[in-house]
Each structure stands twice: as C-alpha cells, then as structure tokens.
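Throughout, a chain's letter reflects where its sequence line sits, starting with A, and its residues are numbered from 1. It should be emphasised that the depicted structure is a prediction, and the values quoted were computed from it without experimental measurement.
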Number of protein chains: 2
Amino acid sequence: MTKDRVTVIDIARAAGVSKSTVSLVLQASPLVNEVTRAKVNAVIRDLGYVYNRGAANLRQSNSKSKIIGIVVNDLTNSFFAELAVGVDMVVQSAGYVQFLANTAESVDRQREVIASMREHGISGLILSPARGTDANDLKPLVASGIPVVNVVRQVAGAKVSSLVSDNHAGMRDAVRHLAGLGHHRIAFLGGFPDTAVFNERLQGYRDALSDMDLALHDELVVSSAPSRAGGVAAIERALMLRERPTAAVCFNDAVAFGVCDGLRAHRLDPGEDFAVIGFDDVIEAQTAVPALTTISVDPQGMGRRAAQLLLKQINAGRADAEAIVSSVRLVVRQSCGAAIDKRERLSLL
Amino acid sequence: MTKDRVTVIDIARAAGVSKSTVSLVLQASPLVNEVTRAKVNAVIRDLGYVYNRGAANLRQSNSKSKIIGIVVNDLTNSFFAELAVGVDMVVQSAGYVQFLANTAESVDRQREVIASMREHGISGLILSPARGTDANDLKPLVASGIPVVNVVRQVAGAKVSSLVSDNHAGMRDAVRHLAGLGHHRIAFLGGFPDTAVFNERLQGYRDALSDMDLALHDELVVSSAPSRAGGVAAIERALMLRERPTAAVCFNDAVAFGVCDGLRAHRLDPGEDFAVIGFDDVIEAQTAVPALTTISVDPQGMGRRAAQLLLKQINAGRADAEAIVSSVRLVVRQSCGAAIDKRERLSLL
DNA sequence: CAAAATAATTGGAACGTTCCAATTTTGTCA
DNA sequence: TGACAAAATTGGAACGTTCCAATTATTTTG
C-alpha cells in the first residue's frame, strides 16, 4: 500500500531545504528562520512524516531515548496497578513512554525483561524487585550508568535509589490505635516472612505491643500469601486458637479483605465483633463495607514520586542513590470498630 | 566509570573475527562454525556486550522491533490490569517487550501516546479505545501497516481486528437465570449509556426480558459510572423506587460490588434479600463474600488471546482484520441467591 | 591431485538521524 | 558601497547494526 517510510530527506527535498535544516526544526532549534520553519512543518504534516527515535537515539549520546522501564512483581495486585498509573502520569507528560513488565515474583523473568529493556535502550528503570532479587542482578545496570529507583522493596547492598513506605511506623501506629481502643489480643496476619517488608512491619507490631505494655504471643503472628485468599486462610487459623484475638493488623489490604471475608464466614461482623486494620489504602478500601481502616501509602502518589525521582536522575546525568522513606498515615474507617469515636465526637457538638 | 558502550566491532576485534561474523552469531545463524561461535560468545560475555536493538532495527526492514504497544482506557480497573498481565505473558515469552500506557478515557492522551509509540517503532498495538475514539484516529496507524487489535471496545468503521466479549449473550443469560429463579423486577445497574458495550449489554437485558415475557420498566435501568462508587449510587437510586426491584444485573463486577455495599448499608443482605449478578469475573469475584455470580470473561485469557492474534498478524506481515467475539459464561455463585440450587441438587443424590 | 563443490568468513554500503565545521545569505554601519 | 557581523543554511561524517556480494578456506570427488 504505502511506499517506503518517509524520512527527513524526503521532507527536505519537498520543502526545498537541506536535511540539516529539517533536523533543526524537528528539535525546535531557534537557529532556523520562522518562514522556513513554517514551510517545513507544513510539509511534515502533508507527507505524514513520523520521527524515527531509534535512528535519532543511535546518533545522540546514548540514553536520551525517552523510554523508561517499570517492572513490578505482581501487577494483578491493584497496589501495583495504581503505582503504574502514577508513574505513567508523570512519565507521559514528560514525553516519555514506559515499558511495563510483570515478573510474577520470578527472578528469572525479571532478569530477562531487564536485559530486554536494556537492549531497547531505556534511560531509567523503576523496579519493584521480585522476591530473592540480589544486588548482583542490578550490578550491570548501574555499571552502565542507567539510573534505577527501587520501589516498595529494597535490595540490600544495591547502590540504587529507593522509595519505600515507612512500614515500621505504619504498623506501629495501627497497633497503638487498636490497643488504645482496649484490645489486648491483637493478631498480625498475612505476608511472607522472608521479605524485608514483612519484617519491618512485624517489628513495628512488636515495638508497639511493648510500648503499650502488651504481651507478645507468637501464635498471634500468622503468615500467609499476601492475597485475599491468604487472608481467609490466616484468620481461619487465628480463630482456631483457644484464646482468640479480638483484633488484627494485616500485612496489606488484600489480606484484610480476606480476613473480613473469613470473619463473615464465621458469622462474625468485621468492625463490630472483630477489629481489622489493613495496609496500603488501595482504592477499594474506602468503598468497601465496612470501610477499611488502613495505613495509607497512596500508591499512585508513590508512583508519581518514583517517576519524578527517576526523571531527576536521568536529567542530572549522574544518579547518586538516595533512600526515601515515604511517610504513611493511619486512616480510621469502620473496620476497626472505632466509628464509635466519631459518634461520640459528634455528640459533643 | 565505564568507557563508551561496547559494540559489535569491539567484540569482533577481541575475538579476532570480522563484525559480520559477530552479527551472524548474534542471530544464531547456522552459517558460522561451531568453534568460532563459541569463541565469539565467550567474548560477548566477557566484555558485557549489550545488543543495540535500535541500531539493528534501523537497518532491518521496519518493524521487527520486538516492541508492541498496549494502551488501555483505565488501568486502575483491575479488569485491565488483568488484561495487561495476560498480554504481558505471551508477549514476554515471544521475546517482545510492551509499552503500556493509560489514557484515563482521554482521546487526546490516547493520540499522544499512540504517536509516541509509533515514533519508537512498535510493531503492533493492542488498544482498548478511550470513549469517543474515532476511526480516523487509527487511520495513520493502519495505513503504515502496523497491525492493531482492538479489545473490549470496537471502533466503528476502523478496519482493524477486534476481540470483544459477547456482551449481548452474557447479559441475556444473566437475566434469564434471574427470571428462572422467579424474579420479576430485575434492574440493570451501572455503566455509561454512550458506549457500545453498554448498549450491547442493555440489549441483551431487554431481549431476555421479552423472551421471558417480563415487562420492561425504564426506571429499572439506572446508569452510573462503571465503578464501585457508581454501583453504590445506582442501587441507592433503585431502592428509592416505589416498586423496588428484587434483583439486579450489573454493568460490571466493580458496579456489582458497589451494589452489594449499598445493599448492606440498607441492611439488606446481598444474595439473601436481593440477587446480584456482575459482569467480567474479576479475580475478587470468587473470594468476595458473598461470592459474586457473574459473567466470566477471563480478562487474562482475553489479554493472551489478543496478544496471540497480534503476534500472528505481525508475523504474517499482512493484517487482515478479523473480528472475534469471545464467548462468555455465567458463573453461578452466592450473590444471586441460587446457592439453593446446589443444595437441592446435592439432596437428589 | 586438480577441479569442483561446499562451508565459512568478510568488507563495505545502507538504514535515518544528529552534530560539527564550513558556507552562504542577510543585515548593519561608517 | 564596501567591510564586517550576525543569522541561516548546508554537506558530510558518525552512531551500531544487517545485508549483500565477494572472497577465502575446507571438503569432496572423479
């Protein structure tokens, strides 16, 4: 149908100028005369020219490619979908386009996709590392000067920037809140124990218990897959204890929703008979019934900040690693049974 | 730190062969002797060479770029996140990498990102078009011979392949099922009326009502945003009718969850006091309480099939448009109150 | 063992752009 | 108007790869 692709030479010929001039107008250089610019632009439109970034990138010093990569460990988790949306927003309006890949927690897949992205000349990478990612996996990337921003999870020993949420403080606040409501037996439900995130959150849980002079019972810590199904399983186990907990902090919101499901299956009303607190504040948390009390990390905002950090490093040319821990706040809704607070407060008016 | 990037010439020099030979081994050509191949591969590893696809693509006839684009209208909707995961799977194992962009229903953004992807030389595009997308928006793409597969939504008049689910049949089956359970006043809740998907589903609803000799009441059709919040709003409105519905089919699962939330807020038990059916069968549908009866479209499978179709067209070189409507099935769970069926069936044993 | 056939390797042109240095055009001023 | 400065334009080399035709090395065969 259409002939060969139209190049800068074609439009030079058609506009009666040299290819250099065309190149200049493509880069909006101030060197070119207004009337020539207009003429060239007109021809560009007429011929339906499309810029070949590959060719341009070949000539230009490497990595002004206007491509960044984002690889996440579980895109089916809406936390990461939100994160990707946040990244997409800032990246898009900076004229970049993003490669997105899902590793499903496989380091092999992760290695492959990162290699592939590198071949395509990404100028930066946002990475939520798969479980078991080693600092060596990132070595070649940073050696070649490509900025990397780790999100959500750190990689020990990797000299790259990171943006994680304050897991310790978040969980501490959650537990303190429950203790303040009078709960003594508070469970910690869900998550895989071999991850840094899990351990940070667990430490927050422990520290809060000791702050509040509550005993730490190991059987109240029940790990599971960090998913809705995992939440069901975890509360299941917790309810089988001789001495049941009366409240739970959960590894994340997905687990918390599962916990609510499991409670209902036992004819317990989450928020009334049992207090539940999540972590993440995914979008459904506010509309669910009961609305989920949770630690808000604003995944979309986190994506935006990660992207901004990455773009900054790309533009700076030099990427000195900075570790940002993003502060986090407790959002009290119905699922922790503290709605009474609100009623009381209202009655004071 | 590192010097300039290592090229095919560097490794040719180091291996004592010509760049042509190196190129040959890169493409795993059978023309090259085993021992040379081994030597070259060793050097490649040693020097940490990374293939420059941009350069390769420049020389090769256009669009063996190993990049495909996927642009969706709402990535925060887990349906699309799942879809993207499905695409990612097949695309990844075919050695491709995907650009992913979210348009948030903006045709302007959509135009921009598609243009940008084109500049980067995608060899194919999977598109869930933003509302209001015109066939002209896709014209330049198909004119330049880039295969496009529309998913979820069609674009009238565009000569591109499409893969949509059987909206009409799905909704018809849902309504028939409810009618079969004895419901007479069945509402249709959620969705924007100016979309093709909405109208197909609505038509299925209407046809089923007339099949089952039920009256069609306009006030039982309540549109809203196709989201959880929209579902809350829609059931809210439906419950204010003098003559309330006793069951509802929902535009999608997000709406259905919202409807359940809204019902509970009115102290109605979804699945007991009111039957609810969704559409999509997102991953949470089976674990929610009550488990959601819904029309299963298997978004991940849809993503996989879309990707396969696209890859087929890319490889074929020629992309003759084919329109696939993906069949769909009713998955009966608790939310429609038909769990009794199961009990009855069991008691027959 | 020479000739022919086959296997393996190679140099150079090409892909579409940018950049540099050089050139041409236009404008200014004494 | 001539000299000079400033503005605008330009040709060609370079980026890292692939492809083609041509060359060289190795085998086979009569």
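- Annotation: proximity of residues 18-34 of chain B to DNA chain D (heavy atom, distance under 4.0 Å) is found for B/K19, B/S20, B/S23, B/Q27, numbered in ascending order.
- Taking atom CG on B/L58 and atom P on D/dG16, their separation rounds to 12 Å, with Å as the unit.
- Across every non-hydrogen atom of B/R37 and B/S29, the tightest pair is NH2-O, 2.9 Å.
- For the pair A/D10 CG and C/dT17 C1', the computed distance is 13 Å after rounding to whole Å.
- Note on ring orientation: taking the six-membered ring where Trp is involved, the planes of B/F99 and A/F99 are parallel (angle under 30°, cut-offs 30° and 60°).
- Side-chain N/O atoms of B/E82 and B/S78 include no donor and acceptor closer than 3.5 Å.
- For the pair B/T36 and B/A55, both in contact range of DNA chain C, the more 5′-proximal nearest nucleotide belongs to B/T36.
- With hydrogens and angles disregarded, a donor-acceptor distance shorter than 3.5 Å links the side chain of A/N315 to the backbone of A/L311.
- C/dT9 atom C1' lies 16 Å from atom CD1 of B/I9, rounded to whole Å.
- One end of the helix from C/dC1-D/dG30 to C/dA30-D/dT1 points its axis 40° away from the other end's axis, with each axis taken from 5 pairs and the angle rounded to 10°.
- Residues B/S326 and B/L163 approach most closely at CB-CD1, 4.2 Å, considering heavy atoms.
- Salt bridge status for A/R153 with A/E105: present, with a side-chain N to carboxylate O gap under 4.0 Å.
- Atoms CZ (A/R53) and C1' (C/dT17) sit 12 Å apart, rounded to a whole Å.
- Two residues are said to be in side-chain contact when any heavy atoms from C-beta on lie closer than 4.5 Å; B/M117 and B/I67 fail this criterion.
- Note: CD (A/Q60) to P (C/dT17) measures 12 Å, nearest angstrom.
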*asked:* Could you walk me through whether B/S106 and B/T103 satisfy the side-chain hydrogen bond (donor to acceptor under 3.5 Å, both in side chains) test, starting with their C-alpha distance in whole Å, then the side-chain angles of each, then the deciding distance to 0.1 Å, before giving a yes or no?
replied: CA-CA 5 Å; B/S106 153; B/T103 60; over 6 Å; no

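- A/R13 has its CZ atom 14 Å from the P atom of D/dT10, to the nearest Å.
- The base of D/dT18 sits within donor-acceptor range of the side chain of B/R59, with an N or O pair under 3.5 Å.
- An OP1 or OP2 oxygen of D/dC15 is reached within less than 4.0 angstrom by no side-chain nitrogen or oxygen of B/T7.
- Smallest separation of non-hydrogen atoms from B/N73 and B/A130: CB-CA, 4.1 Å.
- For the side chain to side chain contact (heavy atoms under 4.5 Å, CB included) criterion with A/L100, the lone passing option out of B/V87, B/L75, B/V97, B/L100 is B/L100.
- Put simply, the residue from A/I122, A/L125, A/I126, A/V91 that forms a side chain to side chain contact (heavy atoms under 4.5 Å, CB included) with A/I70 is A/I126.
- To the nearest angstrom, P of D/dT17 lies 13 Å from CG of A/N57.
- Against DNA chain D, the stretch residues 40-51 of chain A makes no heavy-atom approach under 4.0 Å.
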